[in-house]
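Below is one structure; the comments refer to it alone.
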4 protein chains.
Amino acid sequence: MKTSRIEAFSDGVLAIIITIMVLEMKVPHSVDLAGLKPIMPVFLSYVLSFIYLGIYWNNHHHLFQATEQVSGGILWANLYLLFWLSLFPFTTGWMGENGFASTPTAVYGFVLLMAAIAYYILQRAIIAREGRDSLLARAIGRDWKGKLSPALYLAAIPLAFVSRWIASGLYVLVALLWLIPDRRIERKLENHEA
Amino acid sequence: MKTSRIEAFSDGVLAIIITIMVLEMKVPHSVDLAGLKPIMPVFLSYVLSFIYLGIYWNNHHHLFQATEQVSGGILWANLYLLFWLSLFPFTTGWMGENGFASTPTAVYGFVLLMAAIAYYILQRAIIAREGRDSLLARAIGRDWKGKLSPALYLAAIPLAFVSRWIASGLYVLVALLWLIPDRRIERKLENHEA
Amino acid sequence: MKTSRIEAFSDGVLAIIITIMVLEMKVPHSVDLAGLKPIMPVFLSYVLSFIYLGIYWNNHHHLFQATEQVSGGILWANLYLLFWLSLFPFTTGWMGENGFASTPTAVYGFVLLMAAIAYYILQRAIIAREGRDSLLARAIGRDWKGKLSPALYLAAIPLAFVSRWIASGLYVLVALLWLIPDRRIERKLENHEA
Amino acid sequence: MKTSRIEAFSDGVLAIIITIMVLEMKVPHSVDLAGLKPIMPVFLSYVLSFIYLGIYWNNHHHLFQATEQVSGGILWANLYLLFWLSLFPFTTGWMGENGFASTPTAVYGFVLLMAAIAYYILQRAIIAREGRDSLLARAIGRDWKGKLSPALYLAAIPLAFVSRWIASGLYVLVALLWLIPDRRIERKLENHEA
């Protein structure tokens with residue numbers, strides 16, 4: 001089994017999820033700039049989720065580029081990841097429309113957490129197939145980002161009830177961790193650890 | 001005629017159907033976890049339909065991997081399958097929003113039944129083209145799942161008016177039948193039959 | 001310039017149009033079968049448009065299979081076709097929700113007519129590029145269906161104000177013309193003409 | 001890293017954006033042609049945005065055809081472009097539903113401007129990778145359209161508050177600039193400059 005069709009299907013689902021989120025940004029009835037003001041939190045949550053989905057697409061793209069064969073287990077691990085990502089428009093809309101209120105912000109983090117776990121499972125399934133000495137296994141390495149991110153989500157979920165800004169700040173932080181090019185940070189961290 | 005474009009188009013339609021179903025899960029106005037409670041049946045019906053569409057995508061993927069040439073008949077059989085699958089968001093929403101009420105649950109089963117028949121027709125059309133001794137014909141074999149599933153849907157439709165939980169339980173059962181990896185079950189069943 | 005990306009983009013747009021039309025079929029609030037009754041005309045118009053889009057996808061697929069090179073003119077002729085097809089969900093919804101009332105049914109026919117003209121322009125643009133002796137030019141031949149269809153749409157538009165059933169009957173007739181496999185009809189017609 | 005998957009994903013997103021805009025054109029409750037009248041500005045803004053997205057798809061297609069390798073920077077520059085394009089349905093709906101009122105028309109221009117800048121950044125990122133003497137760098141040349149367009153958007157934004165027709169006229173003008181085949185205009189402009 002080749003990877004091309006699983007990539008095409010995932011691309012389709014990700015493209016639709018990313019675009020459907022915009023539909024949560026309802027066209028305002030007001031005609032002046034003030035009409036955009038109540039939409040700002042929805043817009044900000046859209047930007048955040050867009051970046052997250054961009055990161056997932058990016059990582060997914062790299063993951064399957066290093067994959068040569070697809071098994072039934074990988075197909076389902078991939079669908080499981082897509083399932084959690086498909087809930088992004090819902091949690092993004094709920095968080096945005098309520099100005100980052102505690103519960104929706106915590107639920108947003110929960111879905112982020114589940115997607116991160118699903119991604120981890122997918123990665124494991126592929127490495128199990130490709131072998132521990134494969135290019136992919138070596139490329140992923142110790143995967144400190146993949147381990148730090150769920151920890152930060154886990155912290156953010158209860159913290160959302162303390163302050164919505166701490167929780168959403170943590171979501172932004174994780175996104176930045178992934179956005180900033182890998183090598184330099186990793187080198188820095190290695191130096192820091194040494 | 002090659003299979004690549006029919007696969008790409010089907011992937012597109014399946015990806016959209018799977019994602020559009022989320023739109024039936026309307027963002028609640030309430031800001032606490034209780035706001036999610038009325039959405040739970042919609043969420044559960046979404047999960048069920050997501051799994052079904054995942055199974056269809058999976059099987060479709062395998063089916064066309066074993067297909068070499070596409071005829072006009074196959075194109076239309078494929079579109080006929082996509083037609084019934086395209087009704088999933090509607091029946092999923094109707095069943096979910098009404099807490100698995102009898103009629104919507106029966107109609108959900110009817111669409112499952114029609115999709116299963118459409119899949120069977122597609123399989124027949126491809127085997128007719130590929131030949132009875134082809135790799136595909138041998139791989140499908142006696143196709144006990146493909147024959148048992150419509151029978152279970154047929155049973156579930158009237159049973160929905162007896163108890164909604166029997167009907168939806170049967171839908172879950174069929175989904176599990178397809179989710180659990182093939183070989184072991186088939187071997188067991190063969191032993192059972194012997 | 002190769003045809004693969006124009007095919008992929010068209011597949012995407014067609015897949016979305018075909019699936020978005022379902023969203024016009026609003027989930028009923030009623031829980032019994034009677035709740036489906038007011039949706040029936042929407043459902044019927046959905047079926048009709050699904051078949052039309054299936055035919056367009058099918059023909060588009062064949063058209064580009066015989067095409068080797070894509071020019072700027074072909075790209076825009078293709079987008080012009082997609083534009084008219086993108087109006088299908090709107091006219092389908094308007095016609096269906098108003099029980100095939102005269103004006104929406106006429107407007108539905110107008111969009112069918114414009115799409116047919118756009119398809120004709122696309123075909124011309126491709127033949128102009130491929131050459132009059134190309135495989136494609138010979139395959140299309142006299143293209144009696146491509147010429148008869150717009151004539152029938154043109155007749156249906158005013159007839160919608162006489163009887164909605166004549167107009168929608170004509171739309172069904174054109175769909176059947178394209179659905180029934182080519183060769184036999186063509187042979188019959190040739191015999192009829194001879 | 002090859003370009004095929006970045007193209008497939010972009011095609012998906014563009015196809016969905018272009019099709020989702022139609023959903024802003026709500027099916028009228030009225031059954032006569034007068035029912036279409038209030039939709040006309042929405043329809044016109046849809047046509048304009050459809051053409052713009054067609055131009056972006058077209059240019060994107062050409063851009064990546066001349067690209068051989070994709071870097072992380074290019075992936076993100078591409079996502080940044082898709083982000084601004086994903087706001088088209090929102091601004092198109094806002095402008096259309098309010099009959100091209102000043103503020104929505106200015107905001108529409110702002111999103112056009114940001115998309116143009118994002119496209120410019122993407123082009124730079126690709127040229128930086130491909131080299132200043134690459135086929136692409138030479139094909140783009142002085143890129144007078146790419147420089148004139150943002151200037152015209154910048155002019156249109158304040159002018160929307162003077163007259164909505166000047167601003168939207170400028171948007172139409174830029175679209176025409178890109179629609180009309182390149183060579184002749186460029187030659188004319190070069191003669192004019194000489």
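Values reported hereafter were calculated over all heavy atoms of this structure, with side chains retained and with hydrogens, waters and symmetry mates removed. Within every chain, numbering begins at 1; the chains are lettered A, B, ... in the order of the sequence lines, protein sequences first and strands thereafter.
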Item to complete: Would you please indicate yes or no on a ring centroid separation below 6.0 angstrom for C/Phe50 and C/Phe88?
Response: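 Between C/Phe50 and C/Phe88, which both carry aromatic rings, the centre distance is not below 6.0 Å.
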
task: Measure from the ring center of D/Tyr108 to the ring center of D/Trp94 and say whether it is less than 6.0 Å.
output: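 They do not qualify: ring centres at least 6.0 Å apart.
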
Could you tell me which portion of [X] (side chain, backbone, both or neither) has an atom closer than 4.5 angstrom to a non-hydrogen atom of chain C?
| X | result |
| --- | --- |
| D/Val31 | both |
| D/Leu53 | neither |
| D/Ile16 | both |
| D/Leu23 | side chain |

Checklist line | Student check: side-chain heavy atoms of C/Ile6 and D/Trp57 closer than 4.5 Å | finding: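 Side-chain contact under 4.5 Å: yes.
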
Requested in this report: Output the distance between atom OG1 (D/Thr3) and atom CZ (D/Phe64), rounded to the nearest 0.5 Å.
Outcome: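 One gets 7.5 Å once the value is rounded to the nearest 0.5 Å.
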
**Asked** Under a 4.5 Å heavy-atom cutoff, which of D/Ser30, D/Ser10, D/Ala8 has the most pairs with chain C?
**Response**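 Going by pairs under 4.5 Å, I would pick D/Ser30.
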
>> Out of C/Pro89, C/Ser86, C/Ala101, return the one with the most heavy atom pairs under 4.5 angstrom to chain D.
In response: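 Sorted descending by pairs with chain D, the first entry is C/Ser86.
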
**Message:** Give me the atom names and distance for the closest heavy-atom approach of D/Pro41 to D/Gly99.
**Reply:**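 Of all heavy-atom pairs spanning D/Pro41 and D/Gly99, the closest is CB-CA, 4.0 Å.
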
